[in-house]
Amino acid sequence: MAKKASSTAAASAPRAAETRPSAPARGIGRIPVLGLSPVVSGGRWPARGYVGEVIPFGATAFREGHDSIGVELLLTDPSGRTHRHPMRLVTVGLDDYSTLAQVTSVGTWTFSVRAYADEWETWRHNAEIKIPAGIDVELMYTMGAELLARAATDKNRPVRERDALATAAESLLDVSAGDEVRFAVLSDPELERIMQVRPIRGLASESEPAEMRVERARAGSGSWYEFFPRSEGAKQRKDGSWQSGTFRTAAKRLSAVAAMGFDVLYLPPIHPIGTSFRKGPNNTLNPGEHDPGSPWAIGSPSGGHDTIHPDLGTVEDFTWFLGQAAKKQIEVGIDLALQASPDHPWVIEHPEWFTTLPDGSIAYAENPPKKYQDIYPVNFDNDPEGIRAEVLRIVRYWISLGVKIFRVDNPHTKPVEFWEWLIATVNAEEPDVIFLAEAFTRPAMMQALARVGFQQSYTYFTWRNTKEELEEFFTSISTETADFLRPNLFVNTPDILTEYLQFGGPAAFTIRAALAATAAPTWGVYSGFELFENVARPGAEENIDNEKYEYKPRDFAAAEAAGRSLSIYLGILNTIRREHPALQQLRNLTLHSSDDDSILVYSKHLDGAFTPSGNSDTILVVANVDPHSVRETTVHIDSTAFGIPLGTPYRVTDLVTGNSWQWGTDNFVRLDAFVEPVHIFHVEELNQ
């Protein structure tokens, strides 16, 4: 006899009113569909795309037994129209299916994957085995005819298609036609086409839907150039003082930027600069009376983040500058640096936005051993609502003037949740606004910033120089993080002059530019790169006489006249990028091999279904990444990566020199770093 429950047990049991059964989990489905991609963090954030991007979609699907299944992508655009894309089996035995689809409009796209019993393919597979073996011959023909006859009654099919299906059914049953004619129905090209477009489906299951956020093309593809407007047109007077460049004088540089093919111009902070603890040349603590200070030490009695430095001009001058850039098809981006000089109005009006130390002083910025006494970091935890309101006001102000691109300084030193809120809020109002994360930091933080909304990210490219390093890096950005992180491959910055550039000579600059311009759809150059500026401040990885702390007018015309400029080559690179849509994609990079540890080989291919011309486009890059050498070796090309069967010859044309060769699987190359360190080939089939 069962014992009664004790009073203690009864008291601890949940009451009926408190019992909250969880919602039933969705079942696996009659034909399981698992592992959708692209999906970011299990769907916590939407995957990312940009207009014109070709996305690889994937899923795992299977069923019991040996019957055939069909798998298709159901992709719904922001207007609500659903596009069906058949998926192909990638690896026999692994049940992984994939397809490529191009996203063409801004907004939220949804997608799911549907798997179904492919009744015709199951029958045909069995018939191809049984009928030649003489097993159940008439039964197999009867079963096939019944399938086709049933499909012929489907009023959703075009009349011509229904007629073809009915005719094929009759052919299967026509004993008088002979075995060869009847059996030929199984491989009839028209019937195969019909089944590709509208298969005969049986059982079906559909995955849960997933989201993808698609942004404007510039969010994923562009060529960036950076200059300090105060240096453009700056002049030093006889007494050593300087006359700052202005937006009016800086506009004179726009024609040269456009001639090099850059379509985004990024300006470091254009706001008033503090005088307290102002840094002098080469980051010294003893500035002279004429030293302009670092633009990142934002704020003075003249104003803060919503103010233009008086030396640069007025708001009207700035909007005029934006207009002049637009006339040359250049979009201007500005810096969003959420920090303050000790002279910023925030320090007086909102001291709670900073960290006060026990001695009563405000903590300045540090990255030991570096110290930034001229900058106070914002404490986002003291008054989060007030700070959020102020930053949103500032961003909205610059948007109202025509700015749609913000390069964000050091976002990794601010709370990630703040950026998630800010970007979501701004993009809900202005979907075209782009935020670039300048975060050279730990992978987890860099990737988190991208996941929560940053449209673009600086990367470790600057420090990846060997063949092995570059192969790993290019694979990572084109596959592992491509669903959410869009890399912007800047070759240099005011803070970064790598040893590779310091000691590699002009060849190093050429190599780095070619790799950045071809390996990813977005890249960038900081002014002076084209002049091979390579002298570092002793003990630092940055240019000596750094432009962050002083005016730096450059004589670009004299350098070009003397043959000491890379500007023409940069223009060629950007022309190649514009003319070849394969280079405007991120996920299409394929590595090839060479017999030399310094010869890097990769291709980028785009099928004609996704190009404006309807013709496939393939770029093949062969680079000597050792800027101090001449290399001769054999490169091995898997031409199936760009749709040419192995062993079939094809033509490669160097888009810089115009030289052409006939290539195949194994090819000899000679790359002289001092003359021609990189081949950028356009690949064409010989019969084209």
Side-chain angles (χ1 to χ4, degrees), residues 217-218 221-228 231-232 250-267 324-333 405 461 488-493 501 504-534 553-585 604 617 619-623 627 653-660 671 673-682:
R218 180 68 67 235
S221 179
S223 300
W224 290 49
Y225 189 87
E226 173 185 1
F227 72 50
F228 287 65
S231 289
E232 301 299 330
K252 297 176 182 178
R253 179 70 181 148
L254 291 174
S255 293
V257 174
M260 288 187 288
F262 292 99
D263 45 36
V264 177
L265 175 63
Y266 153 57
L267 306 179
Q324 295 301 301
K327 289 178 181 178
K328 300 184 183 299
Q329 286 74 54
I330 296 173
E331 187 171 359
V332 176
I405 298 178
F461 170 72
N488 189 325
L489 304 189
F490 256 81
V491 291
N492 67 325
T493 77
L501 293 178
F509 287 75
T510 303
I511 293 164
R512 297 303 290 177
L515 295 177
T518 59
T522 302
W523 77 302
V525 170
Y526 158 55
S527 181
F529 180 89
E530 65 268 49
L531 303 185
F532 310 114
E533 292 181 356
N534 66 340
R554 298 174 172 91
D555 193 338
F556 294 99
E560 290 181 14
R564 292 182 290 101
S565 173
L566 199 62
S567 61
I568 293 176
Y569 187 75
L570 298 183
I572 292 172
L573 290 177
N574 282 326
T575 297
I576 292 171
R577 284 167 52 84
R578 283 194 306 273
E579 294 178 351
H580 290 276
L583 296 179
Q584 296 158 27
Q585 300 291 323
K604 303 200 82 175
D617 183 43
I619 296 295
L620 177 62
V621 178
V622 184
T653 301
D654 190 308
L655 295 174
V656 177
T657 67
N659 295 326
S660 292
L671 288 171
F674 308 102
V675 178
E676 184 185 0
V678 181
H679 285 311
I680 303 176
F681 289 131
H682 181 221

(request) Check whether any side-chain heavy atom of H679 sits under 4.5 Å from a side-chain heavy atom of L671, and report yes or no. (result) yes
(message) Distance alone, cut at 3.5 Å: any donor-acceptor contact between the side chains of S527 and E226?
(response) no
(request) Would you indicate whether the side-chain heavy atoms of V264 and I405 approach each other to under 4.5 Å? (result) yes
(request) List for me each residue that meets salt bridge (Lys or Arg N to Asp or Glu O under 4.0 Å) alongside D654, sequence neighbours excluded, and say none if there are none. (result) none
(request) Report the distance from atom CG of L267 to atom CG of L265, rounding to the nearest 0.5 Å. (result) 4.5 Å
(request) Please report the closest heavy-atom contact between A673 and P627, naming both atoms and the distance. (result) CB-O, 3.5 Å
(message) Using only atom types and a distance under 3.5 Å, with no angle test, would you say the side chain of R577 pairs donor to acceptor with the backbone of S221?
(response) no
(message) So, using side chain to side chain donor-acceptor pair (under 3.5 Å) as the criterion, who are the partners of R578 when residues are at least two apart?
(response) T575
(request) Mark yes or no for whether K604, through its side chain, and L620, through its backbone, hold a donor-acceptor pair below 3.5 Å. (result) no
(request) Supply the atom-to-atom distance T510 OG1 to F674 CZ, rounded to the nearest 0.5 angstrom. (result) 12.0 Å
(message) Please give me the minimum heavy-atom distance between A513 and L570, naming the atom from each residue.
(response) CB-CD2, 3.8 Å
(message) Check whether D263 reaches the backbone of S223 with its side chain - one donor and one acceptor, N or O, closer than 3.5 Å.
(response) yes
(message) Consider ring pair (Phe, Tyr, Trp, His ring centres under 6.0 Å). Of W224, W523, Y526, which one does F262 pass it with?
(response) W523
(request) Decide yes or no for V257 and I330: does some side-chain heavy atom of the first lie under 4.5 Å from some side-chain heavy atom of the second? (result) yes
(request) Please list, chain by chain and in numerical order, all residues satisfying side chain to side chain donor-acceptor pair (under 3.5 Å) with R253, sequence neighbours excluded. (result) Y225, E530
(request) Indicate the atoms forming the closest heavy-atom contact of G524 with N488, along with that distance. (result) N-OD1, 3.7 Å
(request) Would you name the heavy atoms of A516 and L489 that are closest together and state the gap between them? (result) CB-O, 3.6 Å
(request) Decide yes or no for L501 and F509: does some side-chain heavy atom of the first lie under 4.5 Å from some side-chain heavy atom of the second? (result) yes
(request) Enter the distance from I572:CD1 to L655:CG here, rounded to the nearest 0.5 Å. (result) 10.0 Å
(request) Identify, with sequence neighbours excluded, every residue that meets side chain to side chain donor-acceptor pair (under 3.5 Å) alongside Y569. (result) none
(request) Working to the nearest 0.5 Å, report the span between CZ of F529 and OG of S567. (result) 12.0 Å
(request) Would you check if T518 and I576 make a side-chain contact, meaning some heavy-atom pair closer than 4.5 Å? (result) no
(message) My understanding is that only residues two or more places apart in sequence, or in another chain, count here; which of them pass ring pair (Phe, Tyr, Trp, His ring centres under 6.0 Å) with F490?
(response) Y458
(message) Please find the pair of heavy atoms, one from A623 and one from L515, that lie closest to each other, and give the distance.
(response) CB-CD2, 4.0 Å
(request) Hey, could you give me the NZ/OG distance between K327 and S255, rounded to the nearest 0.5 Å? (result) 11.5 Å
(request) Output the distance between atom CG (L531) and atom CG (L566), rounded to the nearest 0.5 Å. (result) 9.5 Å
(request) Output yes when E232 and R554 qualify as a salt bridge under the 4.0 Å nitrogen-oxygen rule, no when they do not. (result) no
(request) Quick one: closest heavy-atom pair of D555 and A558, and the distance? (result) OD1-N, 3.0 Å
(message) Using the rule given for side chain to side chain contact (heavy atoms under 4.5 Å, CB included), can you reason through I568 versus E560, listing the C-alpha separation, both sets of side-chain angles and the distance that settles it, and then say yes or no?
(response) CA-CA 9 Å; I568 293 176; E560 290 181 14; 5.7 Å; no
(request) Measure from the side-chain N and O atoms of S565 to the backbone N and O of A561, and report whether any donor-acceptor pair falls under 3.5 Å. (result) no
(message) Could you work out, with side chain to side chain donor-acceptor pair (under 3.5 Å) as the rule, every residue matching N492, not counting sequence neighbours?
(response) none
